[in-house]
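Numbers restart at 1 for each chain; the letters A, B, ... are given by sequence-line order, proteins then strands. Just so you know, these numbers use all the heavy atoms, side chains as well, and skip hydrogens, waters and symmetry mates.
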Amino acid sequence: MCGALRASDSGKKAVLMGWVNRRRDLGNLIFVDLRDRSGVTQVVFNEERDAAIHEKASGLRNEYVIAVTGRVKQRDPNTVNKNIPTGEVELVAEEIRLLNESKQPPFLPGDTALTNEETRLKYRYIDLRRDVMQFNIEMRHKVALAIRNYLAGQGFFEIETPFMTRSTPEGARDYLVPSRVQPGTFYALPQSPQLFKQILMISGFDKYFQIVRCFRDEDLRADRQPEFTQIDLEMSYPQPERVWEVVEGFLAAAFKAAGHDIKVPFPRMDYDEAIRLYGIDKPDLRLPAFADVRDCFTAENLQELAINPNLPVIAIRTPRVGELSRKERDDIKPMFHAKGEAKLFEDFKRVGNKFPAAAAEIAKKAGMDESDLVVLVSGSALAGPQTALPAHRKVTPQELAIYASAGLLRLALAQKYADRHGIFAKTGDPGKDFRFVWVTNFPMFEWDEADKRWNAAHHPFTSPHEEDMPKLETGVELVSDPQSALSAVRALAYDVVLNGTELGSGSIRIHRQDVQRRIFRALGMTEEEARSRFGFFLEALEYGTPPHGGIALGLDRIVMILAGAESLREVIPFPKTARAVDLMVDAPTPVGERQLRELGIVVKK
RNA sequence: GGGGACGUAGUUCAGUUGGUUAGAACGCUGCCCUGUCACGGCAGAGGCCGCGGGUUCGAGUCCCGUCGUCCCCGCCA
């Protein structure tokens, strides 16, 4: 291989095959850097030694594929290239075979400036020859392999589930596959193998996993592709802690494969706590948490500032931002998008001028350093007192609006001043670079204001907390009431979060069909609807279902973080554009009339 | 569905207030060069300024539309 030769190989005969990465023609002396996935080796063609071969070498061009036979030679000390691992040797060519020519490529794998993504995606096979892409794809392989090995070692079976399955209109839009044999009917590609893996538990395969493609027909983002890969697993009889232990185990193995030693177990945090401290259910622990500084103000202060005394006042601290100009402080305002009654004091200094005592308290409570930026988010007094009683929920909807607005601003500020606080820069210390956290005890239901009904926050197969079952029972009578006890039902659901990215999401599932029916009912589904959508599953639950639970993690996102990439497209060999198009193969395309007729499909123009 | 950025040579970019023949670097072609490694030197080729329309004596530049790529919101149980 082109990256393998070392000084210890000098004198040996070697055959190297690869691409011409670069040619340096000095006249009677030609150097060719020969590249394959393992690296680059310099090949020398000397006219004095062999005029015929030298003549052949002068015809070589970038990206030609050649085979060179020659003798490995230790380089003179003054000609060693310290920048590459093979820099101490070179191959003195004795024979060369041109395996294939290349047209002039639109860009070269060795180019320093990155070509625009449209061209890269169209000529993906050239783009993938670049070092970075070779590295990312290799790392993806190693990470997946480490996970497979770990889970297999823990007694998990990798079991395949169908790609052509049944459409379940819950959740994301399905990709549909028309049936030719039964015109007018469609398979759906799985959004996840959720029901199959639960049925595998019912079938007695008590530890299942799969590294599996999933499909969701939703709009794309830098971290969202229509087809993506999940590390999906399920086990029988687990407590949540057992699932977490397995995930921590394979993540440790995966990060090890990428060269990082992470610490397990990961810290854990209640959903409500995450909201109160970070304003989001996927907190980035690298950044400081909120401080609730309401009690730093006197009642008169709050009134003068038109702050609602019943709602939290949140101090967002962004470290080491330094002195801001008037304009810079003004620029913060448009970064704030108020939900509910949230309002912003972007200029902490002005608050300090008016209320020095309160400001001093706040600085202390928020752990503020001289150079830190602090902004305050509070509830507007204009909104009046709270309407909902917070009795059965730690965070009320009004509070959530404040926390969530503050959470988004916190991230926007951290992003904007990333260069100044330097927190996102890699330190090489996995304890600082990779801040994992389990977020647990999600609410079971979320109120859908548009449809005036409750939705499953995770998915409808998630088990509620045993101790919240009575609330489910009373709540299920009030399925169209946003104040219903359903809002207080907690789910045995958990997310694993890394640096503010949700890596995976799982739960302990419902294994009793009476509970499952009740959940469907709480979601506003009639008995008939539930049966027509999930009848096969409800039936399966009736035949001796063991308690079970599991989780699914996004492999692409894990590799993306490990690669330090800004987009999933950097870790997926053949990704799609924001409009879900594959620019290389040019898909999707219209199909012929005949193909459509066979499928019984008429396309509306 | 909505908002924003971008589109000029094969590639990365520059292009002034609307004004003569649209530039640079890399790449490409040819010639020279025996220790280069992002080799160097000389010469040269290469442009539907995304596409369509409009304003104007005159448009790469201004306006409208459209297509494409990227980012964000909605959406993603």
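At the heavy-atom level, A:Asn78 lies nowhere under 4.0 Å from the strands shown. Within the 4.0 angstrom heavy-atom criterion, only backbone atoms of the sugar-phosphate kind lie near A:Pro106; the bases stay farther away. At the heavy-atom level, A:Lys73 lies under 4.0 Å from base atoms of the strands shown. Using a 4.0 Å heavy-atom distance criterion, A:Arg120 is classed as making no nucleic acid contact. Residue A:Thr79 is classed as a base contact, given a heavy-atom separation below 4.0 Å to a base. If you check every strand for non-hydrogen atoms under 4.0 Å, A:Ser192 touches a base. Counting any heavy atom pair closer than 4.0 Å across all strands shown, A:Asn455 reaches no nucleic acid atom. Among the heavy atoms of the strands lying under 4.0 Å from A:Asn62 are primed sugar atoms or P, OP1, OP2 only; no base atom is included. Among the atoms of the strands shown, none is found under 4.0 Å from any heavy atom of A:Ile84.
Below the 3.5 angstrom threshold, one finds a donor paired with an acceptor across the side chain of A:Arg224 and the base of B:C76. Counting atom types as modelled, A:Arg61 pairs no side-chain N or O with a base atom of B:G27 as donor and acceptor under 3.5 Å. Side chain A:Asp219 to base B:G74: a donor-acceptor pair is found below 3.5 Å. A donor N or O paired with an acceptor N or O is found under 3.5 Å between the base of B:G35 and the side-chain atoms of A:Glu90. At a cut-off of 3.5 angstrom, counting only N and O atoms as typed in the model, there is no donor on one side facing an acceptor on the other between the side-chain of A:Arg23 and the base of B:C37. Under 3.5 Å, the side chain of A:Gln42 and the base of B:U36 form at least one donor-acceptor pair of N or O atoms.
Of all nucleotides present, none satisfies the Watson-Crick or G-U wobble test against B:C76 with each distance under 3.5 Å. For B:G68, the paired nucleotide is B:C6, the pair qualifying as Watson-Crick or G-U wobble because both relevant distances are below 3.5 Å. Pairing partner, B:A24: B:U12, with both Watson-Crick or wobble hydrogen-bond distances short of 3.5 Å. As the counterpart of B:C49, no nucleotide is assigned, since no Watson-Crick or G-U wobble pattern has both distances under 3.5 Å. Under the Watson-Crick or G-U wobble criterion, with both distances below 3.5 Å, B:U56 has no partner in any strand shown. Look at B:G18: it lacks any Watson-Crick or wobble partner with both distances under 3.5 angstrom.
Stacking between A:Phe31 and B:U36 is shown: the ring centroid lies under 5.5 Å from the centre of the six-membered base ring, and the planes differ by under 30°.
Among the nucleotides B:U12, B:C33, B:U34, the one closest to the side chain of A:Asp25 is B:C33. For A:Arg24, whose side chain is taken as the heavy atoms from C-beta onward, the closest listed nucleotide among B:G68, B:C39, B:U11 is B:C39.
Nucleotide B:C75 holds its P atom 18 Å from the CG atom of A:Asp174, rounded to whole Å. B:G7 atom P lies 16 Å from atom CD of A:Glu117, rounded to whole Å. With rounding to whole Å, A:Gln104 atom CD is found 9 Å from B:G10 atom P. Between the CD atom of A:Gln225 and the C1' atom of B:C70 there is a distance of 13 Å, given to the nearest Å. With rounding to whole Å, A:Arg75 atom CZ is found 19 Å from B:U34 atom P. Taking atom CD of residue A:Glu218 and atom P of nucleotide B:C72, one finds them 16 Å apart after rounding to whole Å. Between the CG atom of A:Asn28 and the C1' atom of B:U36 there is a distance of 14 Å, given to the nearest Å. Whole-Å rounding puts the A:Tyr123 OH to B:G27 P distance at 20 Å.
Between the side chains of A:Ser192 and A:Gln230, no donor-acceptor pair of N or O atoms lies under 3.5 Å. No side-chain donor from either of A:Asn28 and A:His54 sits under 3.5 Å from a side-chain acceptor of the other. Side-chain atoms of A:Gln191 and A:Asp174 include a donor-acceptor pair closer than 3.5 Å. A donor atom on one side chain and an acceptor atom on the other are not found under 3.5 Å apart for A:Thr501 and A:Asn499. Side-chain N/O atoms of A:Asp232 and A:Tyr208 include a donor and acceptor closer than 3.5 Å. Donor-acceptor pairing under 3.5 Å is lacking for the side chains of A:Thr79 and A:Asp76.
Summarising the geometry, atom CE belonging to A:Met560 is positioned 10.0 Å from atom CZ belonging to A:Arg569; distances are rounded to the nearest 0.5 Å.
A gap of 8 Å separates the C1' atoms of B:A45 and B:C28, to the nearest Å. Between the P atoms of B:A38 and B:G50, the separation comes to 35 Å (whole Å). Going from the P atom of B:G10 to that of B:A5 covers 27 Å, rounded to whole Å. B:U21 and B:C31 have their C1' atoms separated by 28 Å, with the value rounded to a whole Å. Straight-line distance between the C1' atoms of B:U16 and B:C72: roughly 33 Å, to the nearest whole Å. Rounded to whole Å, the separation between the C1' atoms of B:G40 and B:U34 comes to 13 Å. With C1' as the reference atom, B:G35 and B:U12 are 31 Å apart, rounded to whole Å. Across the C1' atoms, B:G52 and B:G68 are found 15 Å apart, a figure rounded to whole Å.
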>> Using side chain to side chain donor-acceptor pair (under 3.5 Å), reason through A:Arg24 and A:Gln42 one step at a time and then give a plain yes or no.
In response: CA-CA 10 Å; A:Arg24 290 177 294 281; A:Gln42 173 165 286; 2.9 Å; yes
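A salt bridge links A:Asp514 to A:Arg512: one of the charged nitrogens lies within less than 4.0 Å of a carboxylate oxygen.
Each of A:Pro105 and A:Leu220 lies near RNA chain B, and the nucleotide nearest A:Pro105 is the one positioned closer to the 5' end. Each of A:Ala578 and A:His459 was matched to the nucleotide of RNA chain B holding its nearest heavy atom; the match closer to the 5' end belongs to A:Ala578.
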